[in-house]
2 protein chains.
Amino acid sequence: MGRVKTYDEALRQRLLAEAAQLLSSEGVGALTLRRVAALADTSTTAVYSLFGDKDQLLTAMYVDGFARLGRALTRARAGAPLEALGSVGMAYRRAALAAPHLYGLMFGGLAPSADAKQVADAAFQPLVESVQTCLDSGDLRGRDAETIATYLWAVSHGLVSLEIAGLVGGSLRARTEGYRDALTMSIVGHLP
Amino acid sequence: MGRVKTYDEALRQRLLAEAAQLLSSEGVGALTLRRVAALADTSTTAVYSLFGDKDQLLTAMYVDGFARLGRALTRARAGAPLEALGSVGMAYRRAALAAPHLYGLMFGGLAPSADAKQVADAAFQPLVESVQTCLDSGDLRGRDAETIATYLWAVSHGLVSLEIAGLVGGSLRARTEGYRDALTMSIVGHLP
DNA sequence: GGTCCAATCATAACATCGTTTCGATAACGA
DNA sequence: TCGTTATCGAAACGATGTTATGATTGGACC
């Protein structure tokens, strides 16, 4: 009974897509429920019915962002262990710079709920596994996989974050090489 | 002519202090002009007269935050070159964790104006100088001071940022040791 | 010393935001 | 056919950033 639902999974995906597009093109300041709803040809009520809240819409974008990042890292794992690890590192920066506003949302204070943090940890796993593969093959040693992976994550996130904030000088090519250099240096520190 | 000014430098400092207190205790979401003005016993007009805008108030907090950070890093420079460099690194984390919301404001997307970025660069100089001292004394080698300093900054900022986001496990003591370990590892990579 | 005047500020109005309420709508069972 | 009930769009509400308005104040001038 009742009338047919139009607040369905398809609309949810459309809202998420429009919100992501708006975030990407105009930044987090332009993310208003009225604009997102209008872009998806619906009313603001849809957001409350499908997400519950603006914060929960942002959390959904946060979760989606980490899921995409995790898949991008997994896709990058190819070749010999050390080579794959380097590829994962470069893919991390590529994903972040492709959607800097989303990246800012993912790491920008928004206190993540317990399950949201779980998604972030899941996105982190491809890196841990890649490090573990290097440990197993004897290409790396000295610390456990999680410790080394956290360290590499910090280097990557740190440099990317400074770069997005405009605090790293040089041309795009120079910054890319600087990132590759920093990554190599960090990996070299764990060679046998 | 006219009446006596009450929107003076003292009120400006008071507004900045109250805003910082509010940010520190309740986060960026609680930073409303009406609350800040009420805490400083004035009206919202004062903010517009003294800062021009809410964004410019936030920018002033951003600038103040980097200035404090720079002073904290400068204060930490003591002892032999390598020892001083390590102290600067540990002081960086201490300053960030002491005011995580402010730290988030400083690195959280807020597109910094050209002169605001200059302040951030200035805060970064104590680290560059500390690295340069190590290069001059022969304790470090292999890259120029700015490159090494940027790398160390990335490691520090990355780990601190992940820690604030709740993405680094372990107790506070374990995280402190993990940070010290990462810092040491990053410096060791540049030993002669 | 009284009167104007211009600078200065507190108050109130405005547009917009997130959120909630409410009446209109539309399918299903009787 | 009709009533019931889930569902939705529009409008209302409080709060926010911002701007306009009018009251207030202290010196300048006669």
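Atoms considered below: every heavy atom in the structure, side chains included; atoms not considered: hydrogens, waters and symmetry mates. Quick note on labels: first sequence line is chain A, next is B, and so on, each numbered from 1.
- Using cut-offs of 30° and 60° on the angle between ring planes, the pair His157(A) and His157(B) is parallel.
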Given the rule in the side chain to side chain contact (heavy atoms under 4.5 Å, CB included) test, do Arg14(B) and Thr42(B) qualify, once you have shown the distances and angles that lead to the verdict?
CA-CA 10 Å; Arg14(B) 197 143 43 92; Thr42(B) 179; over 6 Å; no
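- The separation between Gln56(B) atom CD and dG17(D) atom P is 15 Å, rounded to whole Å.
- Within the 4.0 Å cut-off from OP1 or OP2 of dC8(D), not a single side-chain nitrogen or oxygen of Tyr48(A) is found.
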Between Tyr151(A) and Ile148(A), does a side chain to side chain contact (heavy atoms under 4.5 Å, CB included) hold up when you go through it step by step?
CA-CA 5 Å; Tyr151(A) 175 57; Ile148(A) 297 177; 5.5 Å; no
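- The neighbour count for Gln13(B) CD, taken as heavy atoms of other residues, nucleotides or ligands under 6.0 Å away, is above 12.
- A side-chain donor-acceptor contact under 3.5 Å links Gln132(A) and Asp136(A).
- Contacts with DNA chain D (heavy atom under 4.0 Å) in residues 16-32 of chain A: none are found.
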With 3.5 Å as the limit, what N/O pairs link the protein to nucleotides 10-14 of chain D?
unit_1, atom_1, unit_2, atom_2, d
dA10(D), N6, Thr45(A), OG1, 3.2

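- Out of dC9(C), dG9(D), dT18(D), the shortest distance to the side chain of Tyr7(A) is found at dG9(D).
- Thr42(A) comes within 4.0 angstrom of the backbone, heavy atoms only, and of no base.
- Taking the ring centroids of Phe107(A) and Tyr62(A), they lie at or beyond the 6.0 Å cut-off.
- The 12-atom threshold is not exceeded at CZ of Arg68(A), counting heavy atoms of other residues, nucleotides or ligands nearer than 6.0 Å.
- Of all non-hydrogen atoms in Glu163(A) and Val168(A), the two that sit nearest each other are N-CG2, 3.9 Å.
- A side-chain donor from one of Tyr7(B) and Ser43(B) sits under 3.5 Å from a side-chain acceptor of the other.
- Residue Asp41(A) is the one, among Gly52(B) and Asp41(A), whose nearest nucleotide of DNA chain D lies closer to the 5' end (criterion: closest heavy atom).
- Taking five base pairs at each end of the helix from dG1(C)-dC30(D) to dA30(C)-dT1(D), the local helix axes there meet at an angle of 30°, rounded to 10°.
- In this structure, Asp55(A) places its CG atom 17 Å from P of dC17(C), rounding to the nearest Å.
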